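Just below is one structure, and these are the notes that go with it.
Note that the structure is predicted; figures quoted are calculated from it, not measured. In this chain, residues are counted from 1 in sequence order.
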Amino acid sequence: MLKLMRLLTIICLFFGLGTMTYAASPNPVSSAYMQSYFTTISAASCLGVYLPHTSQEFDYLRSYGWQIESQQGNDGKVELNYAVAKNYFPQINKQIYLVTFRGSASKSDWKINLATKKVNYGGSTLAEMQELAAQPVIKDGATVHAGFNSYVDAVLRSGVVDENSKLRGLFKRVSEDPDAYLVLTGHSLGGATATLLGERLVSLGMPKEKFVVITFGAPAVGNSVFAEQYGNKIKLVRISNTADPVPGSLQTFFGGYKQFGEPVKYSLSNKISNLQHAMAMYFDYSLSEYYKERDKQISMGRLEPVTDRKITQQPVVAVWVNNSES
């Protein structure tokens, strides 16, 4: 039954998102609508990346034009799990790239989480970044979580930069193509990775205006000096909820960490005891917020409503075949 409900929810989402039709109006949709739209797409991808080969979320993203590739890697110390997707949006004349980092799902991931000591942050090349991080911590300097930093270093080596620390692949395309835009996203550990990678991309030469970071239930990545010096260098939409302990966990248990970015807090009942940090909850809430914003745009004539007229000339049949045992 839970699988059926999840499937129906996803179908409803993509019937709405897949038909983002603009009304004949001189007024474009608001930035709040676009943020809600891509927040929901990001949430769906964050849910899908946990089971990339069997994900219903990825299946439906693909049915609306998203090309998605799951990526795994292991350099002997860090196990990487993320997905790379792209889609063209004629409404805004942009090629959108979506890079989604998985949250904690393995022993290797928890080793990263528990490497809570801080290392120096800085540098404009990968070599400089690694050299600075290996030095004794500088008093009153910008520092970041050692585990998250090692994870992002592995991501950089896996396909973000070449041997000369120049951007390559999709990151080079986004940086150079005026019609390309990047969304970095992730849940929990994945959100921390997306945040720190965003900061590294700016240090490596990517303009801040070329991408956005959207995170769900992510812990802080650095100290207050890091937040003050680097927090405004990226556009970060940091989504949490009123019952999720993870975004404040490092500050509470270890101290010396500080969040930054644009906070968006979902209101969650304290009576819910097992979903405070679940990505499924963040997806459901994001979907609800999207439809609220969509209704506003329709009422202002900026979006066309999905037709509700009855078709009587020919029967319309929907067939759903489920071979799952549950």
Side-chain angles (χ1 to χ4, degrees), residues 39 42-43 45-47 49-50 71 73 77-83 98-122 129 133 142-158 160 182-203 211-227 229-231 233-241 244-265 276-279 282:
T39 293
S42 297
S45 189
C46 284
L47 189 55
V49 77
Y50 279 96
Q71 306 284 336
K77 295 181 179 179
V78 177
E79 175 188 298
L80 300 178
N81 289 277
Y82 60 100
L98 175 65
V99 180
T100 306
F101 295 95
R102 193 188 74 183
S104 303
S106 69
K107 183 178 180 180
S108 176
D109 293 337
W110 280 103
K111 286 182 179 179
I112 293 294
N113 291 331
L114 295 174
T116 57
K117 73 173 185 178
K118 301 183 187 73
V119 295
N120 297 314
Y121 181 87
M129 296 168 187
T143 60
V144 295
H145 185 284
F148 302 157
N149 187 68
S150 66
Y151 195 104
V152 171
D153 280 354
V155 172
L156 291 172
R157 293 191 298 269
S158 73
V160 178
L182 172 65
V183 180
L184 297 174
T185 190
H187 170 239
S188 196
L189 167 62
T193 302
T195 301
L196 196 51
L197 177 60
E199 294 286 1
R200 291 302 196 191
L201 290 177
V202 172
S203 298
F211 69 96
V212 64
V213 181
I214 301 174
T215 68
F216 302 89
V221 299
N223 67 353
S224 59
V225 178
F226 174 80
Q229 290 184 1
Y230 294 93
K233 291 185 180 296
I234 64 172
K235 177 174 174 55
L236 167 62
V237 180
R238 182 172 55 81
I239 300 169
S240 61
N241 72 69
D244 190 343
V246 172
S249 59
L250 290 174
Q251 300 91 301
T252 300
F253 295 107
F254 300 97
Y257 284 89
K258 184 178 180 179
Q259 293 277 16
F260 61 91
E262 176 188 343
V264 176
K265 183 161 286 191
Q276 301 101 322
H277 188 60
M279 189 57 227
Y282 279 109

Output, in order, the C-alpha distance, side-chain angles, deciding distance and verdict of side-chain contact (heavy atoms from CB on, under 4.5 Å) for Ser42 and Phe216.
CA-CA 9 Å; Ser42 297; Phe216 302 89; 4.1 Å; yes
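- Each of Ile214, Val264, Thr185 was evaluated against Thr39; a single residue qualifies, Ile214, per the side-chain contact (heavy atoms from CB on, under 4.5 Å) test.
- Between Tyr151 and Phe101, the angle of the ring planes goes over 60°, which puts this pair in the perpendicular group of the 30/60° scheme.
- Rounding to the nearest 0.5 angstrom, the gap separating the CG atom in Leu250 from the CZ atom in Phe148 is 5.5 Å.
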side-chain contact (heavy atoms from CB on, under 4.5 Å) for His145 and Thr116? Distances and angles first, verdict last.
CA-CA 6 Å; His145 185 284; Thr116 57; 3.8 Å; yes
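- When side chains are defined from C-beta on, Leu182 counts as touching Leu201, because their heavy atoms get closer than 4.5 Å.
- Considering all non-hydrogen atoms of both residues, Thr252 and Gly248 come closest at OG1-O, 2.8 Å.
- Of all heavy-atom pairs between Leu80 and Ala154, the closest is CD1-O, 3.7 Å.
- A distance of 12.0 Å separates NZ in Lys111 from NZ in Lys77, rounded to the nearest 0.5 Å.
- The heavy-atom pair separating Gln259 from Ala220 by the smallest distance is NE2-N, 3.2 Å.
- Neither side chain, Asn120 nor Thr143, offers a donor N or O lying under 3.5 Å from an acceptor on the other.
- Considering only heavy atoms from C-beta on, Thr100 stays 4.5 Å or farther from Leu184 through its side chain.
- A distance of 3.5 Å separates OG in Ser150 from CD1 in Ile112, rounded to the nearest 0.5 Å.
- Contact record, Arg200 with Val152: CG-CG1, 3.9 Å, taken as the closest heavy-atom pair.
- A cation-pi contact, defined as under 6.0 Å to the ring centre and within 45° of the axis, links Lys118 to Tyr257.
- Rounded to the nearest 0.5 Å, atoms OG (Ser188) and CE (Met279) are 10.5 Å apart.
- Glu262 CD to Leu236 CG: the interatomic distance, rounded to the nearest 0.5 Å, is 8.5 Å.
- For the residue pair Asp109 and Ser106, a side-chain donor N or O sits within less than 3.5 Å of a side-chain acceptor on the partner.
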Would you please test Glu199 and Ile234 for side-chain contact (heavy atoms from CB on, under 4.5 Å) and show each step?
CA-CA 6 Å; Glu199 294 286 1; Ile234 64 172; 3.7 Å; yes
Start with the C-alpha distance between Gln71 and Ser158, add both sets of side-chain angles, then the distance that settles side-chain contact (heavy atoms from CB on, under 4.5 Å), and finish with yes or no.
CA-CA 10 Å; Gln71 306 284 336; Ser158 73; over 6 Å; no
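- The pair Glu79-Arg102 meets the salt-bridge criterion, since a charged nitrogen lies less than 4.0 angstrom from a carboxylate oxygen.
- Side-chain contact between Leu156 and Leu197 is present, with heavy atoms from C-beta onward closer than 4.5 Å.
- In summary, the side chains of Tyr282 and His277 do not present any donor paired with an acceptor at a separation below 3.5 Å, with no hydrogens or angles considered.
- Minimum heavy-atom separation, Gly198 to Phe211: O-CZ, 3.4 Å.
- Residues Val202 and Tyr230 fail the side-chain proximity criterion, which asks for heavy atoms closer than 4.5 Å.
- Heavy-atom minimum distance, Asn113 versus Ser104: ND2-OG, 2.6 Å.
- To the nearest 0.5 Å, the span separating NE2 on His187 from OG1 on Thr193 amounts to 12.5 Å.
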